Amino acid sequence: MRLTVLGGGGFRLPLVYGALLGDHAEGRVTDVVLHDVDSARLTAIARVLADQAAGVADAPRVTVTTDLDEAIRGADFVFSAIRVGGLEGRAADERVALAEGVLGQETVGAGGIAYGLRTVPVAVDIARRVARLAPDAWVINFTNPAGLVTEAMARHLGDRVIGICDSPVGLGRRVARVLGGDPGTAFIDYVGLNHLGWLRGLRIDGREQLPRLLADPALLGSIEEGRLFGADWLRSLGSIPNEYLHYYYFNRETVRAYREAERTRGAFLRDQQAGFYAEMEKPGAPALATWDRTRAEREATYMAHNREAAGAGERAVEDLESGGYEKVALALMRAIAHDSRATLILNVRNGTTLSVLDADAVIEVPCLVDANGAHPVAVAPLPYHATALVCAVKGVEREVLAAAESGSRTTAVKAFALHPLVDSVTVARRLVDGYVDVHPGLAYLR
């Protein structure tokens with residue numbers, strides 16, 4: 001089975017390859033094709049993968065290419081993990097937004113809109129190429145903003161594109177563990193959009209356990225979300241929100257922390273990864289050890305500004321492991337390729353799952369996966385406060401898609417102005433001007 005990874009020079013790719021190395025089932029992935037527009041990054045990551053594969057007799061064969069069509073042709077699965085504009089683009093997204101006093105995070109608010117506007121045209125081109133060159137392939141989208149990008153690609157690939165995010169996986173794992181359950185068998189009732197969802201229940205051996213967590217301040221305080229949001233607020237909600245909802249519920253505090261920080265998250269990652277890739281240009285550098293050290297620092301500083309704003313302290317040791325998106329990806333591929341069936345939280349088209357959204361809206365919910373793809377399970381309606389946020393943000397996503405398709409600056413302004421975290425049409429106009437000035441990829445906005 002052949003797996004193509006677009007964005008194959010990306011820093012997190014060794015997590016995926018590590019999961020493949022542990023898969024010895026019949027029909028596993030035997031060939032991995034890495035594609036990237038940056039040949040130096042490709043070479044660096046290929047070195048890390050070679051170190052990982054050392055001594056593994058049946059390790060998947062790795063090839064690299066900068067030719068997109070060559071990479072796609074013949075693929076059974078395509079992982080899309082591109083970053084249009086690189087980490088310099090992410091840092092610019094944060095900088096422009098913060099100058100206007102609004103959030104510039106890569107998937108939330110103004111920064112997420114800017115990232116979407118420059119990513120959607122590239123993702124659509126990829127989707128069209130896959131439809132033409134590998135029509136039977138399944139596309140697994142990691143590219144952020146994951147829900148928005150998956151929806152853009154679904155307009156050309158239908159249900160053969162599925163989005164993945166590790167935030168719900170990590171949240172479900174933490175809640176299951178603190179309640180004494182097995183994260184691999186507990187059923188997680190999770191509903192929303194990508195980076196905008198709520199864990200509303202968790203069943204262990206068929207019994208609902210979330211009320212026990214919400215009633216116990218000590219238990220709540222032992223998980224990252226309890227320290228981030230506070231036990232009182234979680235009990236008020238009656239659910240555990242995705243960590244990214246901290247940007248909504250505590251926006252003023254988070255924006256202040258971002259503006260006071262020496263560097264934004266994007267700038268930190270830009271500088272950190274520049275150091276990693278520069279080190280990889282040295283022939284004698286220990287590739288895997290250097291990558292491991294860099295990844296540990298990356299995980300330890302995840303959402304540092306939010307934790308500072310909340311007074312949540314440093315990340316707990318048990319929270320430093322990866323959210324597990326690579327394991328979800330492997331389980332998804334296995335279920336589709338071998339009809340082995342699995343229940344996974346994924347980004348898929350809504351159908352009739354959430355009645356407040358239309359059938360084509362991509363949502364993030366538990367899905368039953370088999371050889372025919374991912375099928376969202378029936379869920380109870382969201383409470384009004386959650387419905388309002390979901391509908392507002394989905395409305396913004398639709399304006400982003402319309403702006404990317406039409407090239408209309410007016411529509412782009414509308415997307416920014418309608419977002420709950422942008423408080424003025426005047427600010428929205430300045431944001432569009434600022435982003436067009438710093439991003440060549442947004443020159444299409446007329």
Side-chain angles (χ1 to χ4, degrees), residues 84-85 87-121 144-145 147-149 152 193-196 242 244-268 270 303 305-306 308-310 385 388-446:
V84 179
L87 286 170
E88 180 57 52
R90 176 174 176 176
D93 289 343
E94 295 167 337
R95 187 171 62 247
V96 170
L98 290 172
E100 296 294 339
V102 298
L103 185 71
Q105 204 275 334
E106 99 172 296
T107 63
V108 178
I113 294 171
Y115 190 21
L117 283 169
R118 67 177 187 272
T119 302
V120 164
N144 278 324
L148 169 65
V149 171
L193 307 180
N194 179 241
H195 290 180
L196 191 78
N242 182 294
Y244 284 82
L245 275 156
H246 193 266
Y247 295 114
Y248 292 88
Y249 295 146
F250 297 91
N251 180 253
R252 183 172 297 189
E253 295 86 347
T254 304
V255 170
R256 183 173 64 247
Y258 265 77
R259 297 186 83 176
E260 293 175 352
E262 180 181 347
R263 284 184 297 179
T264 62
R265 176 66 172 173
F268 165 78
R270 176 200 61 201
M303 293 194 82
H305 301 317
N306 299 73
E308 177 186 344
H385 69 85
L389 264 180
V390 164
C391 289
V393 173
K394 180 54 68 176
V396 170
E397 290 183 352
R398 289 290 170 79
E399 297 299 337
V400 171
L401 292 174
E405 182 177 8
S406 66
S408 167
R409 181 184 290 252
T410 299
T411 305
V413 169
K414 187 178 178 184
F416 283 99
L418 291 178
H419 198 282
L421 300 183
V422 176
D423 58 359
S424 165
V425 174
T426 302
V427 170
R429 290 174 177 145
R430 291 203 298 263
L431 285 167
V432 172
D433 290 342
Y435 283 128
V436 170
D437 284 345
V438 300
H439 291 310
L442 293 183
Y444 71 87
L445 291 175
R446 300 185 293 273

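What you see is a predicted model, and the numbers here were worked out from it, not measured in a lab.
No salt bridge links E253 with R256; every basic N to acidic carboxylate O contact stays at or beyond 4.0 Å.
Under the 4.5 Å side-chain criterion, counting only non-hydrogen atoms from C-beta, Q105 is in contact with Y258. For the pair H419/L431, no side-chain contact is recorded, criterion being any heavy-atom separation below 4.5 Å from C-beta on. Between E397 and L401 there is no side-chain heavy-atom pair separated by less than 4.5 Å.
A side-chain donor-acceptor contact under 3.5 Å links R259 to the backbone of L98. Distance alone, capped at 3.5 Å, is enough to place a donor-acceptor pair between the E94 side chain and the G266 backbone. Judged by distance alone, the side chain of R429 and the main-chain N or O of A417 form no donor-acceptor pair under 3.5 Å.
One distance of note links CG of L245 with CG of L389; it measures 7.0 Å at 0.5 Å rounding. Considering CG of L117 and NE2 of H439, their distance stands at 9.5 Å, rounded to 0.5 Å. Rounding to the nearest 0.5 Å places OG1 of T264 at 10.0 Å from CG of D93. K394 NZ to L196 CG: the interatomic distance, rounded to the nearest 0.5 Å, is 10.0 Å. Between Y249 atom OH and H385 atom NE2 the span is 5.5 Å, to the nearest 0.5 Å. Separation of atoms CZ (R263) and CZ (R95) is listed at 14.0 Å; rounding is to 0.5 Å.
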- List the steps, then state whether side-chain contact (heavy atoms from CB on, under 4.5 Å) holds for V102 with L421. CA-CA 7 Å; V102 298; L421 300 183; over 6 Å; no

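In this structure, E399 and L418 approach most closely via the heavy-atom pair CG-CD1, 4.2 Å. Across all their heavy atoms, A415 and I113 have their closest contact at O-CD1, 3.6 Å. Across D433 and R409, no two heavy atoms sit closer than the pair OD1-NH1, 2.7 Å. Between A114 and F416, the shortest heavy-atom distance links the atoms N-CZ, 4.0 Å. Considering all non-hydrogen atoms of both residues, N194 and P145 come closest at OD1-C, 4.4 Å. Between A402 and T411, the closest heavy-atom pair is CB-CG2, 3.9 Å.
Taking the six-membered ring where tryptophan is involved, the planes of Y247 and Y244 are tilted, since the angle between them lies from 30° to 60°.
For residues 98-114, every residue pair satisfying the salt bridge (Lys or Arg N to Asp or Glu O under 4.0 Å) rule, not counting sequence neighbours, is listed here: R83-E106, R90-E106, E100-R430.
By the neighbour-count criterion of 12 heavy atoms within 6.0 Å, atom NZ of K414 is sparsely surrounded, having that number or fewer from other residues, nucleotides or ligands.
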